[in-house]
Student: 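Sharing a structure with you now.
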Protein chains: 2
Amino acid sequence: MKKQKIDTMKELSVAIGVSRPTLSRYFQDPQSVRRSTAARIQRELEKIEYVPNFFATRMNRKTTGLIGVIIPYLNDLFFTKLLQAIEIAAMDAGFTVIMQCSHFDPDIEARAAQTFMSMSVDGALVVPLGNQSDLKTYERLQERLPFVLVDSRPTTMPNVDFVGSDHWQSTGLITEYLCRVGPPPIFLAMPRVNFNAMEREHAYIECMERLGHEPEVVGTELIEDFWYFEEHGEAVMNAAFARGQYIDRSVLCVNDRVAIGALRAASRHGLVPGRGAKGGLRIAGHDDYPLCPFTAPSLTTVAQNVDAIGKAAVSRLVQKMRGGFAPGQPEIQLFDGALKLRESA
Amino acid sequence: MKKQKIDTMKELSVAIGVSRPTLSRYFQDPQSVRRSTAARIQRELEKIEYVPNFFATRMNRKTTGLIGVIIPYLNDLFFTKLLQAIEIAAMDAGFTVIMQCSHFDPDIEARAAQTFMSMSVDGALVVPLGNQSDLKTYERLQERLPFVLVDSRPTTMPNVDFVGSDHWQSTGLITEYLCRVGPPPIFLAMPRVNFNAMEREHAYIECMERLGHEPEVVGTELIEDFWYFEEHGEAVMNAAFARGQYIDRSVLCVNDRVAIGALRAASRHGLVPGRGAKGGLRIAGHDDYPLCPFTAPSLTTVAQNVDAIGKAAVSRLVQKMRGGFAPGQPEIQLFDGALKLRESA
DNA sequence: CCAGAAACTTTACACGGGGAAAATATAAGG
DNA sequence: CCTTATATTTTCCCCGTGTAAAGTTTCTGG
């Protein structure tokens, strides 16, 4: 038997035999109508196919139940993990996530922000693009909406709520570890277009100096297509290894994708980085990319607490939404990283 | 100087000095008003901050300019590449993508479909979940919207538009290649919960028989958490290598993530798969996962033409939307895979 | 059986725009 | 300069739902 299809609440109300406002209340909260009425509505609804118009409902409610999320791009499993954590947390809190990718393009990012405002989202989470991103975009969001920055923190916006990792802690952790078990590490960095990358680089330098070692950073030359992290890591280390450089050093990579490139370079030169080796090459990363256990050798790294970050970001955002969006003190939440010892260092 | 902020078109119309409907037309197509008027509006708009309400516009237009995309999950770079291709194609065609992840949960998938219908999206692209997914969901979408299945094709829905890879071609390609350069391959499969995986398995068997070899499939035992493809590949091959099995065979993996696990297992057993070796182990995958060039050894595989698939899916969907959504003949578009010869086979 | 409360219905308006027809301004033709 | 055709703009009503206020019914307890 085919379900009858009905498009508007008005038709539905005559079909069921209750008034339209009652239906409206039922959909917003079934508890708010008499039990017998709720039961009857529910019973009839089984026989009829009806979905309230998304736009009409959102247009009138004070609150849309929507959270906007801007992510730079999705071709990175770290971001997808983060997004998943956010999405699940939002779903649990009863919100719907509208995700927009900026694809490295500040214009698209700005458009996404506009879209969010025109959708009256209840709040926005933004993972900034990097240096190039349009800070004005964030400022406008910040003015108009409950707004939290996630994962990456523009140095120019210290007064905005932020949830991310404590890269000083995490980078310090692995730097210290590397210093403890082998020669003090060099730091395989990235072109300086990314706040986290820069923060890790600084953290490395600070930690090395604190331990009385000479910091050494490589791989910051700006190249085209710098966002192919693996290629970057491979290219830099390939060149170094070809010169016989660093072949018995520890190499701390700015992130796991770069480290995967470095591992590849090592393998090309017949080098097997490993924690076992007394004085040999070691390679370590940062992030605990899902593939780390499967590289050869498996990659020692620091895990970011992605789930906690996603959850905390949503939770802080919800708190701001409820709190009537008072300026107040910005809240900065930094989560510790955890060492993941594997074979490579 | 702060821009004046205005919320509704009505206020804007008095601020600018044209009627509201004229503004409406201007926003839909600036060409549709007199040049001088358009210029004036544009000039005023620079001084005023105004964004049309997303919901109000969508609610009234015949067409929402929205395309709904359902993806099973994002923790797989293949899907993210596909999504990106779709998103870019949609953007070029002037549509906005609303993406929803089903997170392996048929209920969420059904909710996503509902959402799309309640948003009156102009069309929907769905990457099916696998066997477990609720086919009813697809049928309902199919009835009500221009609808195209992408990447994975439920055997029970042969009469729906579909865009994906020709796995018989692609799997045949690499199977033949492997047969040509070394011992006939075994097939490292997956638990049979995924249409593509099954199709590749069948294609492998058919190809082997055609070439007069005995097909041999391993790894189909149903395990928990089967979606951790790498772990699955590693576990199966680990067990085999421990028994001394397959150490000088070719291993064709159902996809690259499984292959990465297999590579890992090989490395644990001191095996170095490679095309160079005369009679040794070879490992090949399928999909051209972005990390293939960086594994050690780099992974030989078959690339799916993801960009073309994404573009074609959007293009077909747009065609159906314009065509007034006539049932007509379903169109099945299959793209060829391309061999990517690297070191591992 | 009745008063009062609770639940519900009716009515009316709001939301922020789209779209068709009517009205006006502009251009073309004589 | 006037008429007519055409390009623009305005007037008016519509979309599908939320929400408040006022009126009506049903339930509760005595």
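Just so it is clear: chains get the letters A, B, ... in the order the sequence lines come, proteins before strands, and each one is counted from 1.
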Student: Have a look at B/Y50 and say if it touches a base, only the backbone sugar-phosphate, or nothing, with a 4.0 Å heavy-atom cut-off.
Tutor: sugar-phosphate
Student: Taking only N and O in the side chain of A/T37, is any of them less than 4.0 Å away from OP1 or OP2 of C/dC8?
Tutor: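 A/T37 to C/dC8 OP1/OP2: side-chain N or O found under 4.0 Å.
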Student: Side-chain N or O of A/T8 less than 4.0 angstrom from OP1 or OP2 on D/dC15?
Tutor: no
Student: Is A/Q42 atom CD crowded by more than 12 heavy atoms from other residues, nucleotides or ligands, each under 6.0 Å away?
Tutor: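 No, CD of A/Q42 has 12 or fewer neighbouring heavy atoms, counting only those of other groups under 6.0 Å.
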Student: Between B/R40 (CZ) and D/dT9 (P), how many Å, whole number?
Tutor: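 Taking atom P of D/dT9 as the reference, CZ of B/R40 is at 8 Å.
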Student: Atom CG of B/L12 and atom P of D/dT9: how far apart are they, to the nearest Å?
Tutor: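 Nearest whole value for this atom pair: 14 Å.
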Student: What is the separation between atom CE on B/M9 and atom C1' on C/dC15, rounded to the nearest whole Å?
Tutor: 14 Å
Student: Rounding to a whole Å, what distance do you find between B/M119:CE and D/dG16:P?
Tutor: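 From B/M119 CE to D/dG16 P: 17 Å.
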Student: Does atom NZ of B/K81 have more than 12 heavy-atom neighbours from other groups under 6.0 Å away?
Tutor: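 It does: B/K81 NZ has more than 12 such atoms within range.
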Student: How does each nucleotide of nucleotides 19-28 of chain D score, in 5' to 3' order, for protein heavy atoms under 4.0 Å: base (B), sugar-phosphate only (S), or none (-)?
Tutor: BS-----S--
Student: When you measure from the centre of the six-membered ring of A/F162, is the NZ or CZ of A/R153 under 6.0 Å away and within 45° of the axis?
Tutor: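 Ring-cation test returns yes.
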Student: Pick the nucleotide of DNA chain C nearest each of B/V51 and A/S19; which residue has the one closer to the 5' end?
Tutor: A/S19
Student: Is the cationic atom of B/R58 (NZ for Lys, CZ for Arg) positioned less than 6.0 Å from the six-membered ring centroid of A/F55 and within 45 degrees of its normal?
Tutor: no
Student: Just how far, in rounded Å, is C1' of D/dT8 from CG of B/L23?
Tutor: 13 Å
Student: In this structure, how many angstroms lie between the P atom of C/dA12 and the NZ atom of A/K10, rounded?
Tutor: 12 Å
Student: Is there a donor-acceptor pair under 3.5 Å between the side chain of B/T64 and the backbone N or O of B/S120?
Tutor: yes
Student: Below 4.0 angstrom from OP1 or OP2 of C/dG18, is there any side-chain N or O of B/T57?
Tutor: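 Result: no.
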Student: Please check if the side chain of B/T37 supplies one atom and the backbone of B/V33 the other of a donor-acceptor pair under 3.5 Å.
Tutor: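 Between the backbone of B/V33 and the side chain of B/T37 there is no qualifying donor-acceptor contact (under 3.5 Å).
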Student: Starting at CZ of A/R35 and ending at C1' of C/dC8, how long is that distance when rounded to a whole Å?
Tutor: 17 Å
Student: Under 4.0 Å, heavy atoms only, any strand: does A/M59 hit a base, just the sugar-phosphate, or nothing?
Tutor: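 It contacts base atoms.
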Student: Round to a whole Å and report the spacing from OH of B/Y26 to P of C/dG18.
Tutor: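 Checked: the OH to P distance equals 14 Å.
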Student: Got a sec, which residues hit ring pair (Phe, Tyr, Trp, His ring centres under 6.0 Å) with B/F27, two or more places apart in sequence or on another chain?
Tutor: B/Y50
